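Predicted model only: the values in this text are computed from it and were never measured.
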Amino acid sequence: CETCSKEEAKYRCPRCMKYSCSLLCVKKHKLALSCNGVRDKTAFVSVNEFTDLNLLSDYRFLEDVGRTADAAARHCIVHSPATKRLLYCLRNKARGCNIELKTLPVGFTKRKENSTTFNSVENKFYWHLKLIFPHCHAEYTLKGVPDDKTLADILKPYIDPVESDPVVCQRLKIYTASPQSDVRILMKIENRSRNSVRYNELDASRSLLDNLKGKVIIEYPTLFVVLKTLKNDMVVLGQ
């Protein structure tokens, strides 16, 4: 026993791995080391010591996390009148800007991700925005994008040869190496059949709000940044 050093140890603490001989010594070691006796599910385990039991433990831990997240998403506060009023207000403000904003039921990924807000003082949307660069198999999520910001300014940190982040620039090399005139920004047209997918081409020199007017948005805008010479499989409406 690592507490009294007298009796033969019978128990081992799942948390700190200390050996104890009796309930009294177990309580003493918890008090002395501030140990709660609960196994640390995220404790480091070296590769040499990793067993099937550790793998099973990790799998169960991830399942518990998934269940907890799902329970939180189904909590009554998500369905509360306040939440519904907030969504109604968001859709109403979008309608006033000639944007048809649609929200998905609780549990859908886009509903969980969406962080779009409307600032009533500034009378301005701050959009949750997703940028997809299909030629490089890359996508980025932006939060709090003001609706008066132009698409060109939004894309500068990604594809501008001078102002873009070096790491991002390297990943999106095919875009930064191409003339800016070859870059096209497309947004998928919603509510069309799968065999008739079409895209709207947006104007990079205009604001995000101007580009979204007259469009249907499901939760938040998703913009596809493509090159004119490589967008053969993406058909723009009217072409």
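- Within a 6.0 Å sphere centred on NZ of Lys215, other residues, nucleotides and ligands contribute more than 12 heavy atoms.
- To the nearest 0.5 angstrom, Gln170 atom CD is 8.0 Å from Thr176 atom OG1.
- Taken from CD in Glu219 to OG in Ser115, the straight-line distance is 10.5 Å, to the nearest 0.5 Å.
- For His29, there are no ring pair (Phe, Tyr, Trp, His ring centres under 6.0 Å) partners two or more places apart in sequence or in a different chain.
- Crowding of Lys28 atom NZ: a count of heavy atoms from other residues, nucleotides or ligands under 6.0 Å not exceeding 12.
- Note: the hydrophobic cluster containing Leu129 also contains Tyr140 (ILVMFWY, side chain heavy atoms under 4.5 Å, direct or indirect links).
- For the side-chain contact (heavy atoms from CB on, under 4.5 Å) test with Asn211, the passing option among Thr150, Asp203, Asp147 is Asp203; the others fail.
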Stepwise, does the side chain to side chain contact (heavy atoms under 4.5 Å, CB included) test hold for Ile217 with Met187? CA-CA 10 Å; Ile217 308 295; Met187 188 170 73; 3.8 Å; yes
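- Sorted by first and then second residue, the side chain to side chain donor-acceptor pair (under 3.5 Å) pairs with a member in residues 7-18 read Arg12-Tyr19; sequence neighbours excluded.
- When all heavy atoms of Ser20 and Cys1 are compared, the pair lying nearest together is CA-SG, 3.7 Å.
- Of all non-hydrogen atoms in Leu33 and Cys16, the two that sit nearest each other are CD1-SG, 4.3 Å.
- Looking only at side-chain heavy atoms (C-beta outward), Cys136 and Ile174 come within less than 4.5 Å of each other.
- Under a hydrophobic-cluster definition in which Ile, Leu, Val, Met, Phe, Trp and Tyr are linked whenever side-chain heavy atoms come within less than 4.5 Å, directly or via other members, Val65 and Val45 are assigned to different clusters.
- Residues Phe50 and Phe61 fall into different hydrophobic clusters, defined by Ile, Leu, Val, Met, Phe, Trp and Tyr side chains chained together at heavy-atom separations under 4.5 Å.
- When the ring pair (Phe, Tyr, Trp, His ring centres under 6.0 Å) test is applied to Tyr126, no partner is found at least two apart in sequence or on another chain.
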Side chain to side chain contact (heavy atoms under 4.5 Å, CB included) between Arg95 and Asn92: does it pass, once the steps are laid out? CA-CA 5 Å; Arg95 195 177 301 114; Asn92 196 37; 3.1 Å; yes
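- Rounded to the nearest 0.5 Å, atoms CG (Leu202) and CG (Leu208) are 8.5 Å apart.
- The backbone N or O of Leu53 lies less than 3.5 Å from no partner atom in the side chain of Ser57, so there is not a single donor-acceptor pair.
- Heavy-atom contacts from other residues, nucleotides or ligands closer than 6.0 Å to CG of Asp52 number 12 or fewer.
- Under the 4.5 Å side-chain criterion, counting only non-hydrogen atoms from C-beta, Arg111 is in contact with Leu87.
- Looking at Thr116, its side chain does come within 3.5 Å of a backbone N or O of His128 through a donor-acceptor pair.
- For the pair Leu155 and Tyr175, the minimum side-chain heavy-atom distance is 4.5 Å or more.
- Within the model, atoms CG of Leu142 and CG of Leu223 stand 9.5 Å from one another, a figure rounded to the nearest 0.5 Å.
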Set out, in order, the CA-CA distance, both residues' side-chain angles and the distance that settles side chain to side chain contact (heavy atoms under 4.5 Å, CB included) for Val225 and Tyr158, then state yes or no. CA-CA 10 Å; Val225 185; Tyr158 299 91; over 6 Å; no
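- Listed for the Arg171 side chain is a donor-acceptor partner under 3.5 Å among the backbone atoms of His137.
- For the residue pair Ser46 / Asn48, no side-chain donor-acceptor distance below 3.5 Å is found, with atom types taken as modelled.
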Between Phe125 and Ile99, does the side chain to side chain contact (heavy atoms under 4.5 Å, CB included) criterion hold? Intermediate values first, please. CA-CA 12 Å; Phe125 271 98; Ile99 300 171; 5.6 Å; no
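- A continuous path of Ile, Leu, Val, Met, Phe, Trp and Tyr side chains, each step under 4.5 Å between heavy atoms, connects Ile154 with Leu227, placing both in one hydrophobic cluster.
- Within 6.0 Å of the NZ atom in Lys124, the count of heavy atoms belonging to other residues, nucleotides or ligands exceeds 12.
- With hydrogens and angles ignored, the 3.5 Å screen pairs no side-chain donor or acceptor of Asn123 with any backbone N or O of Asn119.
- Cluster membership for Leu104 and Tyr88, using ILVMFWY side-chain heavy atoms within less than 4.5 angstrom, is not shared.
- Under 4.0 Å is where a charged nitrogen must lie from a carboxylate oxygen, and between Glu100 and Lys102 at least one such pair does.
- Lys188 is not listed as a side-chain neighbour of Ile132, based on a closest heavy-atom distance of 4.5 Å or more.
- For the atom pair Leu151 CG and Lys156 NZ, the distance stands at 12.5 Å (nearest 0.5 Å).
- Atom CD in Glu190 sits 4.0 Å away from atom CD1 in Ile218 (nearest 0.5 Å).
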